[in-house]
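For reference, the structure discussed in these notes is given below.
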Amino acid sequence: MGGRRLVVSTTFGFVAGIICYLGGKYGLKDDISTMMFVYILVNRVLIGFVIGVSTLRMHWALHGPLVGTVVGLPFAAGCLLEESNLETAVAALILGAIYGLMIEFFTSIVFKAGRVKSIVRIPRDGTALNPGDAWRA
């Protein structure tokens, strides 16, 4: 189930990157360079990838925006490298959360690709995983 989720979320990350580029180029009439197009695409695909591999246990409607915001932070910070680009940086951060929500919605709800369970098991009682492997004094 995890492989399917990763493929779906990464694919929708790519779709989100194309939508983001087209929205900026034709909707906002921004002059987007080839390098900025690649930067947008890589960031949105990375959001999809992280959503696909994440084992965080939370509702999908919180998970997507959280991942989108955290992964989008470097993208928003990169926007601040140009003068008077604060509005673009804030918009990039907000859109990262929105695209994260969109990717998670299509992955979890539309395609029903559930999250994988965590590989690492941490016992709740505080004991070692394998008591025989614990260091002895």
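Linking Ile, Leu, Val, Met, Phe, Trp and Tyr whenever their side-chain heavy atoms come within less than 4.5 Å leaves V70 and V67 in two separate clusters. Both V71 and V90 belong to a single network of hydrophobic side chains, linked directly or stepwise wherever heavy atoms of I, L, V, M, F, W or Y lie under 4.5 Å apart. Under the 4.5 Å side-chain contact rule for hydrophobic residues, I109 and F106 share a cluster. Both I47 and V110 are part of a single hydrophobic cluster, where members link through side-chain heavy atoms under 4.5 Å apart. Neither V45 nor V7 shares a network with the other; the hydrophobic side chains, linked directly or stepwise wherever heavy atoms of I, L, V, M, F, W or Y lie under 4.5 Å apart, form separate groups for each.
Nearest heavy-atom pair across A97 and T69 is CB-OG1, 3.3 Å. For N43 against G72, the heavy-atom pair with the smallest separation is ND2-CA, 3.9 Å. Closest non-hydrogen pair, L80 versus A89, comes out as CD2-CB, 3.6 Å. The minimum heavy-atom distance between A16 and M102, with the atom names listed, is CB-CE, 3.5 Å.
Contact check for M58 versus L66: side-chain heavy atoms found under the 4.5 Å cut-off.
We find the CD1-CD1 distance between I19 and I98 to be 12.0 Å, quoted to the nearest 0.5 Å. The CG atom of L101 sits 8.5 Å away from atom CD1 of I51, with the distance rounded to the nearest 0.5 Å. Between atom CE of residue M36 and atom CG of residue L41 there is a gap of 12.5 Å, rounded to the nearest 0.5 Å.
Between the side chain of N85 and the backbone N or O of C79, at least one donor-acceptor pair lies under 3.5 Å. The backbone N or O of Y26 sits less than 3.5 Å from a side-chain atom of K29, completing a donor-acceptor pair. Judged by distance alone, with hydrogens and angles left aside, the side-chain atoms of R44 form no donor-acceptor pair with the main-chain N or O of T10 at under 3.5 Å. At least one donor-acceptor pair under 3.5 Å links the side chain of S9 to the backbone N or O of L6. Panel note: side chain R5, backbone A113; a donor-acceptor pair is recorded below 3.5 Å.
Using bins of under 30°, 30° to 60° and over 60° for the plane-to-plane angle, the ring pair F37/Y21 lands in the perpendicular bin.
Aromatic ring centroids of Y99 and F12 lie 6.0 Å or more apart. Checked against the 6.0 Å centroid threshold, F75 and Y39 count as a close aromatic pair.
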Practice task
Let me see the working for I18 and I40 under side-chain contact (heavy atoms from CB on, under 4.5 Å), right down to the final yes or no.
Solution key: CA-CA 8 Å; I18 298 297; I40 290 169; over 6 Å; no
